[in-house]
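All values below come from the heavy atoms of this structure, side chains included, with hydrogens, waters and symmetry mates left out. This one's a predicted model, so the numbers in the text were calculated from it and none came from an experiment. So you know, we letter chains A, B, ... as the sequences are listed, proteins then strands, and number each from 1.
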Amino acid sequence: MQSKSPTPLYRQVYRLVRQVPPGRVVTYGQLARQLGCTPRTVGFAMAALPVGHDLPWQRVINSRGEVSRRTSGDGELIQRLLLESEGVVFDEKERVDLAVYGWELAEN
DNA sequence: AGGTTGACAAAGG
DNA sequence: GCCTTTGCCAACC
């Protein structure tokens with residue numbers, strides 16, 4: 001039990017993302033709701049991802065079922081390739097069907 | 001201690 | 001169904 005060192009919020013976000021199996025995706029809103037904070041905070045946690053992480057950040061998308069666009073870099077293109085590599089199919093609008101690939105987070 | 005930034009979501013037109 | 005505006009909270013300087 002973390003006596004007085006509260007686990008940073010983004011640390012909990014990473015744990016939730018790690019529980020997402022390949023071929024499935026989750027939205028920022030879902031993570032935010034599980035963490036009890038706003039989606040903004042979740043997005044911020046992803047933006048603070050350190051280099052050399054083994055976290056499947058590509059499985060985290062927005063509520064529209066589309067990959068988010070970062071302020072810099074071509075990560076959006078890489079993310080789509082990674083998801084397709086896991087079996088996720090994108091439509092002509094570059095969007096994913098959350099009703100099919102949407103993964104439900106565990107309570108814990 | 002305060003201000004700025006940031007990978008969003010929901011509602012309205 | 002698409003586009004625009006508002007609100008949101010936490011980390012970093």
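Nearest heavy-atom pair, A/Ala32 versus A/Pro39, reported as atom, atom and distance to 0.1 Å: CB-N, 3.4 Å. Residues A/Lys93 and A/Glu66 approach most closely at O-OE2, 3.5 Å, considering heavy atoms. Of all the heavy atoms in A/Gln58 and A/Ile61, the pair that sits closest is O-CG2, 4.2 Å. Across all non-hydrogen atoms, the minimal contact from A/Leu55 to A/Tyr14 is CD1-O, 3.4 Å.
Taking atom CG of A/Leu16 as the reference point, atom P of B/dA7 lies 20 Å away to the nearest angstrom. Here the C1' atom of nucleotide C/dA11 and the CZ atom of A/Arg11 are 13 Å apart, to the nearest Å. Atom pair A/Tyr10:OH and C/dA10:C1' shows a separation of 11 Å (rounding to whole Å applied). The nearest whole Å value for the distance from the CG atom in A/Leu31 to the C1' atom in C/dC8 is 16 Å. Distance CG (A/Leu9) to P (C/dA10): 7 Å, rounded to an integer number of Å. Rounded to whole Å, the distance from CG on A/Asn62 to P on C/dC8 is 21 Å. Put simply, CH2 on A/Trp57 is 18 Å from P on B/dG6, counting in whole angstrom units. Atom OH of A/Tyr14 is separated from atom P of C/dA11 by 11 Å (rounded to the nearest Å).
Here the side chains of A/Arg59 and A/Pro22 are in contact, with some heavy-atom distance below 4.5 Å.
Using a 4.0 Å heavy-atom criterion, one finds that A/Ala48 contacts no nucleic acid atom at all.
Taking the side chain of A/Tyr28 as heavy atoms from C-beta on, and the options C/dC8, B/dA9, B/dG6, the nearest nucleotide is B/dA9. Checking C/dA11, B/dA10, C/dC2 against the side-chain heavy atoms of A/Phe44 singles out C/dA11 as nearest. The side chain of A/Thr38 sits closest to C/dC9 out of B/dA9, C/dC2, C/dC9. With C/dC9, C/dC2, B/dA7 as the candidates, the nucleotide lying closest to the side chain of A/Thr41 is C/dC9.
Residues of residues 82-89 of chain A having a heavy atom closer than 4.0 Å to DNA chain B: none are found.
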Please test A/Val42 against A/Leu9 for side-chain contact (heavy atoms from CB on, under 4.5 Å), starting from the C-alpha separation and ending with a verdict. CA-CA 8 Å; A/Val42 178; A/Leu9 190 62; over 6 Å; no

Going through the checks in order, is the side-chain contact (heavy atoms from CB on, under 4.5 Å) test met by A/Phe90 and A/Val67? CA-CA 10 Å; A/Phe90 286 74; A/Val67 293; 4.1 Å; yes

List the steps, then state whether side-chain contact (heavy atoms from CB on, under 4.5 Å) holds for A/Val13 with A/Thr41. CA-CA 10 Å; A/Val13 176; A/Thr41 312; over 6 Å; no

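Look at A/Glu84 and A/Arg80 and you find a salt bridge, because one of the NZ, NE, NH1 or NH2 atoms lies within 4.0 Å of a carboxylate O, short of that distance.
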Distances for protein N or O near nucleotides 3-7 of chain C N or O, under 3.5 Å:
residue	atom	partner	partner atom	Å
C/dG7	O6	A/Arg40	NH2	3.3

